[in-house]
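Residue indices begin at 1 and follow the sequence shown. Counting starts at 1 for both ligands and their atoms, in listed order.
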Amino acid sequence: MKTLIEKINKLKKEKNAIILAHCYQKPEIDFVADFVGDSLKLSQEAAKTNADIIVFAGVYFMAQTAKTLSPEKKVLLPNVHSGCLMADMVNKEQIIEFKKQHPGVTTVCYINTTAEVKAECDICVTSSNAIRVVRALNKDKILFLPDANLGRWIEKNCKGTEVIKYAGCCPTHMDITVSELEKIKKEYPNGVILMHPECSEESLEAADFIGSTTEIMDYVKNSKEKEFIIATELGVMQRLVRDYPDKNFYLATPKAVCPNMKKNNLEDILHVLETEENEIIVEDTLIEKSLLPIRRMLEIK
Ligand code: 13P
Ligand code: SF4
């Protein structure tokens, strides 16, 4: 692994490349990453980098968002098959039909959508800024897609805004069920349950804290507690175990693993850096249209 890391770091320098990695990636990717974070942090980094090449260790929509924010850069996805099952639940025709059923309503999309879908929406959110953005919009009603669970969580936290939800979900977070949570809580009764808002409404009732990837990590950092039940993707827990050796972490269920996020590895990163294969191409007109909702989101502080 050492030589692999050395080769990647050398090529990165030679080609003025940066590597952005999501916290759900395999933890060894952090050895070569310039930034590791959640969807919001990574899109902010993609917008401000001076690099010529961005290698995006994440899933397809994330690399597409990076390309939209930095169209003059070459964006490479280590493994082209790393899609997002939730993002795939809504395509351009489906969003157009959803909007047709509710004409004139502001359309808010989760960043976990393709550029084709974003292009049809007014504003975008990530799980860490969704509440802030929707409160700032100050609307009686919004359409939200594709994650119905995140939509419900937004509605709960944005009094006065009705959220009309598209019926999408994240299969990985849906696997964190009430019975799995009951089982693990019985085993570790002192474990503070930290959950991602993509979990189901019933499961979220068990949470001591609900937040995005970064918010969950910050919660651990600022807490005096010593035991935590992590109800989100495995990668978050692996980084917490590494960073807080004096605390104990238990994954809510062994099923909390996003198969697509795990498709990228160090070999793939080296390969795309060497060959510049797997370049993300987004048509100019699509960049123009899908940039608008992302820009609007990034402008809300
Ligand atoms: P974050 O917004 O917390 O990075 O979540 C991204 C994601 O894909 C969650 O499943
Ligand atoms: Fe998509 Fe869920 Fe994987 Fe996140 S964890 S990338 S929402 S399938």
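The pair K10-E14 counts as a salt bridge, with a side-chain nitrogen and a carboxylate oxygen less than 4.0 angstrom apart. Ion pairing between a basic and an acidic side chain is recognised when a charged N comes within 4.0 Å of a carboxylate O; K74 and D52 show no such pairing. The residues K262 and E233 are annotated as salt-bridged, a charged nitrogen and a carboxylate oxygen being separated by less than 4.0 angstrom. Between K165 and E155, at least one side-chain nitrogen of the basic residue sits less than 4.0 Å from a carboxylate oxygen of the acidic one, meeting the salt-bridge criterion. Ion pairing between D243 and K221 fails under the 4.0 Å rule for side-chain N and carboxylate O.
F228 and Y219 have perpendicular rings, their planes meeting at more than 60° on a 0 to 90° scale where under 30° would count as parallel. Using the six-membered ring where Trp is involved, Y24 and H173 have ring planes that are tilted, between 30° and 60° apart.
Close approach to H173 involves these atoms of ligand 1, each under 4.0 Å from a residue heavy atom: 10 (O). Atoms of ligand 1 lying under 4.0 Å from any heavy atom of N112, numbered from 1 in the order shown and given with element: 7 (C), 8 (O). Within the listing of ligand 1, atoms 7 (C), 9 (C), 10 (O) sit less than 4.0 angstrom from a heavy atom of E198.
Looking at ligand 1, you won't find any N or O of T126 less than 3.5 Å from one of its N or O atoms. Below 3.5 Å of separation, one finds no N or O of S128 facing any N or O of ligand 1. Of the N or O atoms in S212, none lie within a sub-3.5 Å distance of an N or O in ligand 1. Remark: ligand 1 and S127 share an N or O pair separated by less than 3.5 Å (distance only, no angle test).
With hydrogens left out, the protein atom closest to atom 6 (C) of ligand 1 is S39 OG, 3.4 Å, a heavy atom. Protein heavy atom closest to atom 5 (O) of ligand 1, with residue, atom name and distance, is H196 NE2, 3.5 Å. Nearest to atom 3 (O) of ligand 1 among the protein's heavy atoms is T213 OG1, 2.6 Å.
Exactly one of E288, E283, K289 qualifies for a side chain to side chain donor-acceptor pair (under 3.5 Å) with T285. That residue is E283.
From T172, atom OG1 reaches atom NE2 of H196 across 11.0 Å, with rounding to the nearest 0.5 Å. Put simply, OG on S82 and CG on N260 are 6.5 Å apart, with the number rounded to the nearest 0.5 Å.
With waters left out, the protein N, O or S atoms under 2.8 Å from atom 3 (Fe) of ligand 2 add up to 1.
The environment of D284 atom CG is sparse: at most 12 non-hydrogen atoms of other residues, nucleotides or ligands sit within 6.0 angstrom. Residue F31 places its CZ atom among 12 or fewer non-hydrogen atoms of other residues, nucleotides or ligands, all under 6.0 Å distant.
Under 4.0 Å from ligand 1, the heavy atoms of H22 that appear belong solely to its side chain. Here T214 has no heavy atoms under 4.0 Å from ligand 1, in either its backbone or its side chain.
Linking ILVMFWY side-chain heavy atoms closer than 4.5 Å, directly or via other members, places L270 and I29 in a single hydrophobic cluster.
Under a 4.0 angstrom heavy-atom cut-off, E233 registers as lying outside contact with ligand 1. E215 does not count as a contact of ligand 1, since none of its heavy atoms falls under 4.0 Å from the ligand. The shortest heavy-atom distance from E198 to ligand 2 is under 4.0 Å.
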